[in-house]
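Worksheet for the structure shown next.
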Amino acid sequence: MPIVTVRYFAHARDPAGCAEEAVEMPDRVDVDAVRSLLGARHPALQRVLPACRVAHNLDFLRGEVELADGDELALIPPVSGG
Amino acid sequence: MPIVTVRYFAHARDPAGCAEEAVEMPDRVDVDAVRSLLGARHPALQRVLPACRVAHNLDFLRGEVELADGDELALIPPVSGG
Amino acid sequence: MALVRASLHVVDHPLTAEATSPAALVGPTDGAIASFLGVVRDHHHGQAVRSLRYECYVPMAEHQLERIAEAVGAELGEQPLVVSVWHGYGEMVPGDVSLAVHCASPHRVAAFDACRAVVEAIKADLPIWKEERYADGSARWLKGS
Amino acid sequence: MALVRASLHVVDHPLTAEATSPAALVGPTDGAIASFLGVVRDHHHGQAVRSLRYECYVPMAEHQLERIAEAVGAELGEQPLVVSVWHGYGEMVPGDVSLAVHCASPHRVAAFDACRAVVEAIKADLPIWKEERYADGSARWLKGS
């Protein structure tokens with residue numbers, strides 16, 4: 001199974017306890033699968049997960065994606081730029 | 001009858017033959033009356049008059065207005081600022 | 001009143017950095033500044049434009065800018081609005097800036113709406129006329145925009 | 001293609017005049033430049049804001065800006081579009097400029113529409129988060145805008 005880098009930002013970082021970590025992931029995931037896996041790994045994240053989008057290699061993840069070693073996933077809480 | 005200054009701009013100036021002139025006007029006028037009077041005074045203006053608005057003392061004339069000596073009227077051809 | 005401050009200018013030359021930059025409106029109370037610049041183009045309906053001249057009925061233009069700022073401010077209801085407008089006239093060449101509109105408000109929708117409304121009102125009602133001179137030697141007063 | 005040129009910047013400081021002025025987009029082919037500045041406000045929902053920090057997922061923000069510029073350019077159809085975007089992150093105080101968007105096109109409707117669409121897309125999709133620090137000592141991550 002691929003090992004990917006997972007990044008946590010803003011109000012997702014404190015509950016995750018880190019800004020990034022290496023995580024072993026299934027070969028194929030969708031947004032719900034990523035949320036479930038990260039929520040199981042860091043129960044404190046579960047409160048913010050429903051509002052978070054997931055990014056895969058700098059694009060928002062839509063549908064399913066095949067993961068490879070070294071890929072980057074990120075939890076994207078509601079943004080507030082501008 | 002009041003004597004007012006009439007100003008001509010852009011493509012109304014050449015047919016009027018001048019940039020401004022003093023004109024004796026009725027006590028009360030509306031846009032149609034101004035157009036008729038100026039068209040009779042300068043027949044070459046008649047081609048452009050239907051497209052021109054009229055300004056009275058720096059505001060667009062709507063409805064009727066009472067004129068006084070020294071008032072300013074202007075023919076405003078279609079504008080193209082910006 | 002929605003219109004907090006208006007700074008309105010009609011000047012006899014192409015606009016300079018003082019006019020084109022929104023910097024003068026930047027401050028801690030307004031979160032959004034929407035701006036518009038009108039720039040002299042080198043083509044119009046396929047004809048190469050060499051230069052142009054804006055004629056302006058200056059006192060009426062200044063008065064109409066006040067009317068426009070007040071009307072747009074009133075349309076915004078309770079949203080505070082700061083407006084800065086500069087319109088140049090006289091001789092210009094392609095690349096010169098003829099119009100600058102800056103609208104500041106606490107929120108972006110009000111700033112955008114106000115800026116667009118001011119520009120549309122200027123295009124409709126400001127007594128300014130553009131005479132284009134083309135590369136083939138001809139010249140023409142534009143009618144509308 | 002409608003997108004002629006995009007100049008996209010994510011920088012770790014408040015924006016300076018180079019970013020906030022539309023001057024870099026002024027040229028003889030585009031008659032209209034619409035701009036937007038986002039400015040740090042000293043109040044938010046009635047609370048006095050003392051300072052704030054923007055956190056940014058920089059490589060994703062840069063990539064998303066490219067996506068946004070391409071998508072907005074495509075929406076304009078045949079109208080050519082030049083886009084310049086600057087977003088700052090890090091520590092800021094009220095009055096600092098955090099966002100500058102400039103859109104140039106031959107005609108004003110395309111420039112206005114593009115500028116607004118870019119700003120809305122940035123508000124929706126740019127991975128940047130604002131943490132406000134209030135005068136009473138508390139701090140809060142903003143959710144949405």
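Chain letters run A, B, ... following the sequence lines, proteins first, then strands; residues in each count from 1.
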| query | Does the side chain of W141(C) come within less than 4.5 Å of R13(B)'s, by heavy atoms? | reply | yes
| Where S98(C) and G82(B) come nearest, the two heavy atoms and their spacing | OG-O, 2.8 Å
| task | Answer with side chain, backbone, both or neither: which region of Y57(C) has an atom nearer than 4.5 Å to a non-hydrogen atom of chain B? | result | both
| Result of checking K123(C), E55(C), K130(C) against S80(B) for side-chain contact (heavy atoms from CB on, under 4.5 Å) | K130(C)
| request: Answer with side chain, backbone, both or neither: which region of A124(C) has an atom nearer than 4.5 Å to a non-hydrogen atom of chain B? | output: backbone
| message | Strictly distance-based, threshold 3.5 Å: is any side-chain N or O of W129(C) a donor or acceptor partner for the main-chain N or O of P77(B)? | response | yes
| Test item: E131(C) side-chain N/O and H11(B) main-chain N/O as donor-acceptor pair under 3.5 Å | no
| query | Which atom pair, heavy atoms only, marks the closest approach of D125(C) to V79(B)? | reply | N-CG2, 4.2 Å
| Exceeds 12 heavy-atom contacts within 6.0 angstrom, atom CZ of R41(B) | yes
| request: For residues M60(C) and D59(B), report the shortest heavy-atom separation together with the two atoms involved. | output: CE-C, 4.4 Å
| said: With chain B as the partner, which of P59(C), P127(C), C56(C), G38(C) has the greatest number of non-hydrogen pairs under 4.5 Å? | reply: P59(C)
